[in-house]
Engineer: 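Attaching a single structure in structure tokens format; questions to follow.
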Amino acid sequence: MPYLMGGYPDPDASRACCAAAADSGADLIELGVPFSDPLADGPVIHAAAGEALAGGVTPDDVLSVCESVAAQVPVVLMVYANVVLQAGLSAYVQRAAAAGAAGMIVPDLPHDESGELREACDAQDVALVPLVAPNTAGCRLDAIGEDARGFVYAVSLTGTTGERSTLPPELATMVERVRAATTLPVAVGFGISTSEHASAVADLADGVIVGSRVVRAAGEGGSAAVGELVSELARALD
Amino acid sequence: MSSPGPGAARERDFGPYGGRFVPETLVGPLDELEQAWLDARVDPDFNAELSLLLADYAGRPTPLYMAPRLSEVTGGTVYLKREDLLHTGAHKINNAIGQALLAKRMGKGRVIAETGAGQHGVATATACALLGLECLVYMGSEDMRRQRPNVERMQLLGAEVTAVETGARTLKEAVSAAIRDWVASVATTHYVIGSAVGPAPYPALVRDLQRVIGDEAREQIQAAEGRLPDRVIACVGGGSNAIGAFVGFVHDADVGLIGVEAAGDGLDSGRHSAPLTTNACGVLHGALSAVLQDEYGQVLDAHSVSAGLDYPGSGPEHAWLRDEGRVTYEAVTDDDAVAAFRRLARLEGIIPALEPSHALAWLFAHPGEGIDILILSGRGDKDLAEVLSR
Ligand SMILES: Cc1ncc(COP(=O)(O)O)c(C=O)c1O
């Protein structure tokens with residue numbers, strides 16, 4: 001499950017990157033909506049968002065990228081709360097649904113703040129996928145699991161997105177805890193950078209999300225590099 | 001510090017504003033911080049230690065000074081609440097000492113902070129030196145260039161200053177960098193936020209620590225005049241000095257409360273820092289509040305001659321006080337603030353910081369015949385180069 005920044009390096013290239021990812025074995029694409037102040041993101045994704053915004057990319061441009069690939073592979077939008085709020089919750093979800101988005105992840109909308117958006121998403125059959133962190137308390141985990149839609153996104157580490165050289169040692173225990181709280185699939189993301197990481201995570205979880213590494217490939221080598229990287233990652237999961 | 005008022009329970013929302021719009025990783029730690037503060041603020045030992053430090057180290061209470069020549073100009077009676085006389089030169093030290101004590105109490109030996117003008121960074125570095133805590137301050141590289149002396153001060157005090165190179169390289173990006181650090185380091189680190197902004201419990205926590213301004217002023221004006229003031233006027237960046245002052249008077253319906261934002265080049269120019277005045281609403285740095293943004297929800301860069309007001313958001317409690325009609329928010333341009341800065345220096349022999357110079361400019365434009373209290377939140381030494389270069 002690769003993460004790509006919508007509209008990066010530019011809208012056409014972004015479309016091509018998504019298509020390449022889909023052609024190369026991605027099971028789902030997480031498509032980022034660039035935001036000016038992405039608190040959950042490390043340097044690579046932050047910079048990609050900044051570049052997309054500097055190029056004039058709007059949330060609608062990202063939805064049009066979503067639309068271009070949604071027939072091929074499910075797309076989950078990763079979008080910060082203010083972008084959704086400014087558009088209006090139901091209006092945004094409606095547009096996302098019309099663009100074929102299967103789900104939404106809002107990294108700065110914790111469970112306590114998410115009720116209204118979940119209703120809007122349910123009404124449009126868009127899955128509001130929650131995030132859980134290694135330090136999410138047990139009772140909280142249960143509540144999040146209960147309200148989850150689509151899958152549960154387990155953040156592998158306490159930190160922002162970005163490539164890491166090793167996987168956190170507590171990952172297996174964490175995934176166990178998340179599994180106990182939900183019947184939905186569990187996907188793991190943040191810090192997963194290599195095929196070795198991916199295959200190790202695949203032994204624990206149902207989905208493996210690779211973000212910064214893929215975004216870096218999009219910036220360095222465009223759709224060709226994304227295709228190559230996603231094929232390599234997909235092979236590691238076979 | 002005064003004891004907490006009634007309703008000592010947790011405060012996460014101010015009307016529709018506030019909340020916690022943060023990555024999941026921060027939710028547990030914010031719960032922990034909230035509980036630690038609820039415990040600390042009713043703990044007599046904690047309060048005794050804080051009061052002692054505020055008195056003997058920071059220099060509280062600050063005088064409430066009746067400014068005769070300024071009063072002559074306005075035609076009323078103007079009192080200046082002299083936060084500029086505090087150690088490190090601004091009200092920021094009230095918050096920094098309180099939060100550093102709290103960090104220590106929570107067993108967190110590492111402290112991070114953001115800073116724009118450098119005042120909050122210097123205050124936090126000072127409090128950390130005092131309490132033996134490790135201190136790292138995030139500062140936009142553009143602000144580091146503009147505020148070189150404060151960078152050197154922080155370093156002398158033993159803090160590490162990390163340049164932030166993203167975006168406009170100013171305060172907004174420094175706050176984001178501090179939050180990102182905190183997401184990764186939260187087990188060992190306390191984030192001392194510099195204003196009444198951010199996710200709950202920060203807006204209430206910072207207000208509680210700054211309310212000493214308003215509580216003191218209320219007592220002092222009663223002693224001096226035997227009555228409450230007609231107006232309390234304060235500048236609003238994130239809004240910590242203003243909320244600290246207003247909270248002392250918010251239940252006195254006859255006291256007018258005026259928050260003065262930075263209009264920069266003018267509200268129509270689009271280059272300003274006045275989200276409250278212009279009715280903006282959005283999520284920035286963990287809270288729903290007044291935020292400058294474009295039609296797509298991208299947060300805009302703020303503009304102000306004063307680095308301390310150069311922030312596109314404001315505290316959620318202010319947004320609520322605005323909607324409730326309890327506080328009036330207006331904005332003052334760079335030029336008017338600089339003129340007021342110069343004017344106070346000659347009238348009273350006090351060089352104010354550029355931030356409260358905005359409040360002064362508002363007062364000059366709206367003189368009142370009654371009793372005014374103006375919060376002189378800091379002194380202007382840091383701003384000399386900026387003002388003299390104009
Ligand atoms: C002297 C002074 N006043 C006011 C401010 C603005 O902050 P706040 O609105 O939180 O009081 C600053 C911020 O740096 C400051 O240094």
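Lettering of chains follows the sequences in order, A, B, ..., and the numbering in each one begins at 1.
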Engineer: Most heavy-atom pairs under 4.5 angstrom with chain B, which of A/L85, A/T58, A/L109, A/V84?
Structural biologist: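 When all of A/L85, A/T58, A/L109, A/V84 are compared, A/T58 has the most.
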Engineer: For B/G19, does its backbone N or O pair with a side-chain atom of A/E113 as donor and acceptor, under 3.5 Å?
Structural biologist: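 Side chain of A/E113 to backbone of B/G19: no pair is present.
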Engineer: Side chain, backbone, both or neither: which part of A/D112 has an atom under 4.5 Å from a heavy atom of chain B?
Structural biologist: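 Looking at A/D112, just its side chain touches chain B.
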Engineer: Under a 4.5 Å cutoff for heavy-atom pairs, which residue among B/L300, B/V283, B/V27 has the most contacts with chain A?
Structural biologist: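 Max contact count across the listed options: B/V283.
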Engineer: Has the side chain of B/R180 got a donor or acceptor atom that lies under 3.5 Å from a matching backbone atom of A/D41?
Structural biologist: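 Confirmed, B/R180 side chain pairs with A/D41 backbone.
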Engineer: Quick one: closest heavy-atom pair of A/L131 and B/E24, and the distance?
Structural biologist: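 In this case the closest contact between A/L131 and B/E24 is O-CG, 3.8 Å.
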Engineer: How about B/E165: does its CD atom have over 12 heavy atoms from other parts shown lying under 6.0 Å from it?
Structural biologist: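 For B/E165, atom CD is crowded (more than 12 foreign heavy atoms under 6.0 Å).
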Engineer: Could you tell me which portion of A/L39 (side chain, backbone, both or neither) has an atom closer than 4.5 angstrom to a non-hydrogen atom of chain B?
Structural biologist: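 Its backbone and side chain both get close to chain B.
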Engineer: Picking from B/V183, B/L26, B/L288, B/D294, which has the most non-hydrogen pairs under 4.5 angstrom with chain A?
Structural biologist: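 If we count pairs closer than 4.5 Å to chain A, B/V183 comes out on top.
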Engineer: Assess whether side chain to side chain contact (heavy atoms under 4.5 Å, CB included) is satisfied between B/V22 and A/D108, documenting all intermediate values.
Structural biologist: CA-CA 4 Å; B/V22 292; A/D108 59 343; 5.8 Å; no
Engineer: Given a strict heavy-atom distance threshold of 4.5 Å, which part of A/P34 is in contact with chain B: side chain, backbone, both, or neither?
Structural biologist: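 Answer is backbone: N, CA, C or O of A/P34 sit under 4.5 Å from chain B.
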Engineer: Distance-only, no hydrogens or angles: does the A/S36 side chain make a donor-acceptor pair with backbone N or O of B/V299 under 3.5 Å?
Structural biologist: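 Looks like yes, one N/O pair under 3.5 Å.
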Engineer: Nearest heavy-atom pair of B/E173 and A/D37: which atoms, and what distance?
Structural biologist: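 Scanning both residues completely, I find the closest heavy atoms to be OE2-OD2, 4.2 Å.
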Engineer: For B/V186 versus A/N135, what's the shortest heavy-atom pair and its separation?
Structural biologist: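 So the two residues come closest at CG1-ND2, 4.3 Å.
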Engineer: Roughly how far, to the nearest 0.5 Å, is the OH atom of A/Y80 from the CG atom of B/L284?
Structural biologist: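 Interatomic distance, B/L284 CG to A/Y80 OH, rounded to 0.5 Å: 12.5 Å.
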Engineer: Kindly say whether B/G297 contributes a backbone atom to a donor-acceptor pair with the side chain of A/N82 at under 3.5 angstrom?
Structural biologist: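 Yes, the answer is positive, given that a donor and an acceptor are paired below the 3.5 Å cut-off.
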Engineer: Going through the distances and angles, do B/Q298 and A/V83 end up as a side chain to side chain contact (heavy atoms under 4.5 Å, CB included)?
Structural biologist: CA-CA 7 Å; B/Q298 308 297 345; A/V83 173; 4.2 Å; yes
Engineer: Name the option with the most non-hydrogen atom pairs under 4.5 Å to chain B; the candidates are A/P130, A/P38, A/G50.
Structural biologist: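 If we count pairs closer than 4.5 Å to chain B, A/P38 comes out on top.
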Engineer: Of the backbone (N, CA, C, O) and the side chain (C-beta and beyond), which part of B/T166 lies under 4.5 Å from a heavy atom of chain A, both, or neither?
Structural biologist: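 Only the side chain of B/T166 comes within 4.5 Å of chain A.
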Engineer: Which atoms of A/A40 are under 4.5 Å from chain B, going by heavy atoms: the side chain, the backbone, both sets, or neither?
Structural biologist: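 Looking at A/A40, backbone and side chain both touch chain B.
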Engineer: Apply the test side-chain hydrogen bond (donor to acceptor under 3.5 Å, both in side chains) to residues A/Q86 and B/Q293: give CA-CA distance (whole Å), side-chain angles for both, the deciding distance (0.1 Å), then the verdict.
Structural biologist: CA-CA 9 Å; A/Q86 188 60 17; B/Q293 59 185 322; 3.1 Å; yes
Engineer: When rounded to the nearest 0.5 angstrom, what distance separates CH2 in B/W182 from OG1 in A/T160?
Structural biologist: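 Answer for the CH2-OG1 pair, B/W182 versus A/T160, is 15.0 Å.
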